[in-house]
Amino acid sequence: MKYLAQIDGITYEIEIEANNAIILINGEPVEADLLQVDPLGLYSLLLDHRSCELVVEEQTQGYRVTLGAQTFDVRVADERQLRMEAARADVSARAEGDMPITTPIPGLVVKVLVTEGQHVEENTPLVILEAMKMENEIRAPQAGVVRDISIQPGQSVEGNAVLMILGQENAVVSS
Amino acid sequence: MKYLAQIDGITYEIEIEANNAIILINGEPVEADLLQVDPLGLYSLLLDHRSCELVVEEQTQGYRVTLGAQTFDVRVADERQLRMEAARADVSARAEGDMPITTPIPGLVVKVLVTEGQHVEENTPLVILEAMKMENEIRAPQAGVVRDISIQPGQSVEGNAVLMILGQENAVVSS
Amino acid sequence: MFQKILIANRGEIALRIIRACQERGIKTVAVYSDADRSALHVRYADEAYHIGPPPASESYLRGDVIIDVALQAGADAIHPGYGFLAENAGFAQAVQDAGLTFIGPPPAAIAAMGDKVTARETVAKAGVPLIPGTPAGLSDEELLAAAAEIGYPVLVKASAGGGGKGMRMVHAAAEMKSALGAARREALKAFGDDTIYLEKVVEGARHVEIQILADMHGNVIHLGERECSIQRRHQKLVEESPSVAVDEELRQRMGAVAVAAAKAVNYVSAGTVEFLLDKNKNFYFLEMNTRLQVEHPVTEMVTGVDIVKEMIAIADGRPLRLRQEDVRIKGWAIEARITAEDPDNNFMPSTGTIVALREPTGPGIRIESGVYLGMEVGLYYDPMIAKLIAYGDNRAEAILRLRRALAEFRIAGVKTSIPFHLGLVDTPRFQWGQFDTRFLETYKPPVTEDLEEKRRIAALVSAMLLHQRGQQAVRIGRDGAQAEGMSPWRKAALLQGLRRLV
Amino acid sequence: MFQKILIANRGEIALRIIRACQERGIKTVAVYSDADRSALHVRYADEAYHIGPPPASESYLRGDVIIDVALQAGADAIHPGYGFLAENAGFAQAVQDAGLTFIGPPPAAIAAMGDKVTARETVAKAGVPLIPGTPAGLSDEELLAAAAEIGYPVLVKASAGGGGKGMRMVHAAAEMKSALGAARREALKAFGDDTIYLEKVVEGARHVEIQILADMHGNVIHLGERECSIQRRHQKLVEESPSVAVDEELRQRMGAVAVAAAKAVNYVSAGTVEFLLDKNKNFYFLEMNTRLQVEHPVTEMVTGVDIVKEMIAIADGRPLRLRQEDVRIKGWAIEARITAEDPDNNFMPSTGTIVALREPTGPGIRIESGVYLGMEVGLYYDPMIAKLIAYGDNRAEAILRLRRALAEFRIAGVKTSIPFHLGLVDTPRFQWGQFDTRFLETYKPPVTEDLEEKRRIAALVSAMLLHQRGQQAVRIGRDGAQAEGMSPWRKAALLQGLRRLV
């Protein structure tokens, strides 16, 4: 069986054949022994005798794998399945270059420092968010034009909430 | 609802009424807050504000409760249920005074030191069992007559296996 | 001696105090908010009382409720830990007024050191050197003018502040306006007082602080220094004792000044006098923390003194067990604060449920932890969930043990500061002890070499698990090999005769 | 320095060695039997190789397989830990013959000390005092006659023995026959050699041992003593350093004798010379353990010396880092061996799956552990699953911390020795240090006062859980209160307005 796993936009092809005895990553054969250690999702992997511990949490479309201090969100599917999903995703893709500005944590919006239609440079402060009793500035990760501000001062926001869209320069000009 | 819990032959009566808000142990009202802490069976109890941690494992007829370094096997049932069971147990009870000699651990029988029909005093060595590479003597917990030896040297035994019966003096004489 | 002590705190410090009480045979009373019913301090104390909803202002800051609980539970003393009510002179007074003992300094000493301006004036009279700065209470315009005179960079500080809240470093006049605004807002929110003042930034300075013990009989000693220069936005991340920048002569000199500062306010209990130390061994008073500090364990490990147990003995009226000449520094200890923050994302707080946890152990490792399996890490309280302290015969061994223990730490469910610490201990400047308080402003963590390898492993494991799930769907019952502790993967290899080793 | 070390062991000691290697930047190779695929030493090592089925004779004692693995993995040295192959001179030689370094003493030193009779003869020539006894190899009849001459009680000991195996104390001639038989059988099974000998029992004696470090350049030092008199059937249960029975003068005298014993066999590496110490400060050579010992951490904690790292440096040919005058004892350390045994049932081994685990932490506590959540504790290997070491400024503080940590230890799924230790630390004779090696023969653990209260709690909780289960059966979905961290019990109390506070 052939599987495709995607992490941080990188795709790995894993083949598992001959009743689990042959395993290839991107065509390279490996010897891998995976064992669940406790009922909570702790696994021990011996990969070509190298030992590592992982914590695996199931997610809707794959697994969250924690290896030492690093955490990876892995989308995994068999080849055919993943291609279908990719096709579906293309259709609903956003206009190229648009970037949603999200907050990584829940918090309270203290100030919105920009207005819609405003052009901002990379690193411009956009929003002041209070979390853990400290004020945190959310800054523009790239230059662009502010669109669709969906928050206002005093409002509480969830983690990963979209605060506004940073649109492409051209896209706005042509609209 | 009224419950009976049995530990080490001692019975406790617990009443839980008024949608959990009134709890009595042997008629004495207590304030008890019980919370499961992790998915593995760790609980925190606040009993009249005294705090204790317990590990609870489900068993066929109740719970195994570990409190600090002590472990208790608790049989628990609502009153009616427990009375029915007790009645059933009476019927299949062994002849009074017979004591099965069991081994608390698996091991290898090295020597059987007694023969059937032999009278033994309390503390007489009965069997030498090897476990963990050490020889352990199983001794008579009371005086009696040896019956039904079910093992022989060289044989491996499971934990809690019955090795022999220590019969009542009279019972054997009359048979 | 006290029979029962209430701990007016939560998390690792509540546990730390519970342990000290247990070792002295004193019963403990925990208090908890709705967010902490299953917390370790509730489970490890002898008794526990609910005091309110999760926000601290409605629970851990409710001094009145906590004193009521102490009376109801029959406690005879209250230990405030750090944070929350620890430096609240009014609370300390209220505890005494209720007929209980406050395990900490007298209310007057808290008040004197709590107002930064009063503190500076008081210790200056005792001969303690100060950093140039402004008085408190100036307007924004006056501060702008004063800053120009002092010379940039300047620090904006809250008069009632502590813990970095309301504090801002400003490098140029253009930044002043927004910095003053933010500092005032934070100060108002945190302390109910937006009074601020300015201080000159001592460049290349280290944060070095002296631990003090003072009894009710006028004896004051110091337990040497702690180096806390590894800070991010004035929040300490790593602390150690001793400091590479302090030799025995300087230690005794700073110690004597710290003792003088403590005596200037008739201090009693454990306390810490913080200094900035410049490259020429000049040092300036920053502030005195009138409480137990987060980083006290590093001092405990190099001196052998249990600071919390000493606080209890002092509060009981006992004279100090130690004289200054009994205090000897042996070995080296370094503490890493393990916080639920994402170091790859600007240390944003990370929330979630702890789904895996194994804390490091072994030689030279001490853990002070409030984290547990199943814990919900939320946003109500400080993100510090544990402290990892490594002790070694010398600084190199302590660093190596810290690195080993960090690598051994297993925690999943939230992001933590562990990757930051792992990067830091591999940085030559940290290893050589060459840093000041601004070290982290320009610090770039070393590139993780094995990221690609780890990604590859995560991909492989995910595919194996998906494959295994597919296979289990068509299997009935438990796998025979698995029952013997063998994974289906090794079994498969064995069956196929493909294993490379006998 | 070595690049990669194979650890020919399992459990806590394998982890201890892995940690020492990590702190020196050396890669580690673990080996494991089928019973240990998920063990901590496999998970914490850099690499792991399978070596056979669970019985030690088919895995951890297979020196040939282990050497093959070391060569295949590219290791340049092997550390044997304790037990298994640690005192097997043939294995040490085979490791050298394969071109690898054996991290331990030279084969000749192992052989010389391994045969107890040769050992006694050799050290006697170096002026080390011996206990009166017989030569080895006598017949049962000869031994019976000799025993009468020496005077009962006598100890029956295996010539090739160690760890209490094949050892028996005999109090009267009538018991001799069965004791000799049992000892010979155990010795034959454990060592393949049923040669035994007799030794006079020194009454009221303490087991006091001296830790030795010797390098390849003729330097030998000692790290002071360990007191290991708390023994059950010659198995140590509690060890401490220093000993209440040893003052500085005696320490140096015993240390000098131990150094002489080590030099008599050209010893290299860490080793331990065991003595019996009587009430008049006479001491007699028992044996020399030519390996790292279980109880080495207590010495590490009071001297600050990392014995495992020193062993690695010594094996690399480095001269000792320390001179005798650099070794200073500071504070007190006590170790409790946590075993999967039932102290209420004659210390019968207890087996099962670990379903809950939280090891104690905090000030002065060190854990060396091989136990983990989900572990299957079986009968293949030694029942010791962890070691708890408490350090304090003095013996009283160490005992108090040990007690606190024992009470804090959470482990469920197997019975453990923890209740025994909890009883012991509350015993005045232990607290006053008044014990000898026969202490446990007459020891009665103090009665647990709160047994009835605990039983009552267990009953209550069981009823509450059964009740809760009954209620859940008629409920749909998740309980709202529980989602907020509130138990249905507290919620009920709140709803009924029956809470007693606030």
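Every chain is numbered from 1 and lettered A, B, ... according to where its sequence line falls, protein lines coming before strand lines.
Ring-centre distance between B/Tyr12 and B/Tyr3: not below the 6.0 Å cut-off. Here B/Phe72 and B/Tyr63 keep their ring centres 6.0 angstrom or further from each other.
For B/Ile16, the parts lying near chain D are the backbone and the side chain together; criterion is any non-hydrogen pair under 4.5 Å. For B/Leu40, the parts lying near chain D are the backbone and the side chain together; criterion is any non-hydrogen pair under 4.5 Å. Contact of B/Glu28 with chain D is made through the side chain alone, with heavy-atom distances under 4.5 Å. Both the backbone and the side chain of D/Ala458 come within contact range of chain B, each with at least one heavy atom under 4.5 Å from a heavy atom of that chain. Heavy atoms of B/Ile25 lying under 4.5 Å from chain D belong exclusively to its side chain. Neither the backbone nor the side chain of B/Leu46 comes within contact range of chain D; no heavy atom of the residue lies under 4.5 Å from a heavy atom of that chain. Of the atoms belonging to B/Ile7, heavy atoms from both backbone and side chain fall under 4.5 Å from chain D. For B/Asp8, the part lying near chain D is the side chain, with the backbone staying farther off; criterion is any non-hydrogen pair under 4.5 Å. For chain D, the nearby part of B/Leu54 is the side chain; its heavy atoms alone come within less than 4.5 Å. Residue contact with chain D, scored on non-hydrogen atoms closer than 4.5 Å, involves the side chain of B/Arg50 exclusively.
Of the listed residues (D/Ala356, D/Ser462, D/Ala412), the greatest number of heavy-atom pairs within a distance under 4.5 Å of chain B belongs to D/Ser462.
In this structure, the side chain of D/Arg404 does not engage the main chain of D/Pro360 through any donor-acceptor pair within 3.5 Å. For D/Ser350 (side chain) and D/Lys415 (main-chain N/O), a donor-acceptor pair under 3.5 Å exists by modelled atom type. D/His467 places no side-chain N or O within donor-acceptor distance of the main-chain N or O of B/Lys2, the cut-off being under 3.5 Å. For the pair D/Glu359 (side chain) and D/Ile367 (backbone), a donor-acceptor distance under 3.5 Å is absent.
Considering CD of D/Glu186 and CE of D/Met167, their distance stands at 10.5 Å, rounded to 0.5 Å. The CG atom of B/Asp73 sits 12.5 Å away from atom CD of B/Gln6, with the distance rounded to the nearest 0.5 Å.
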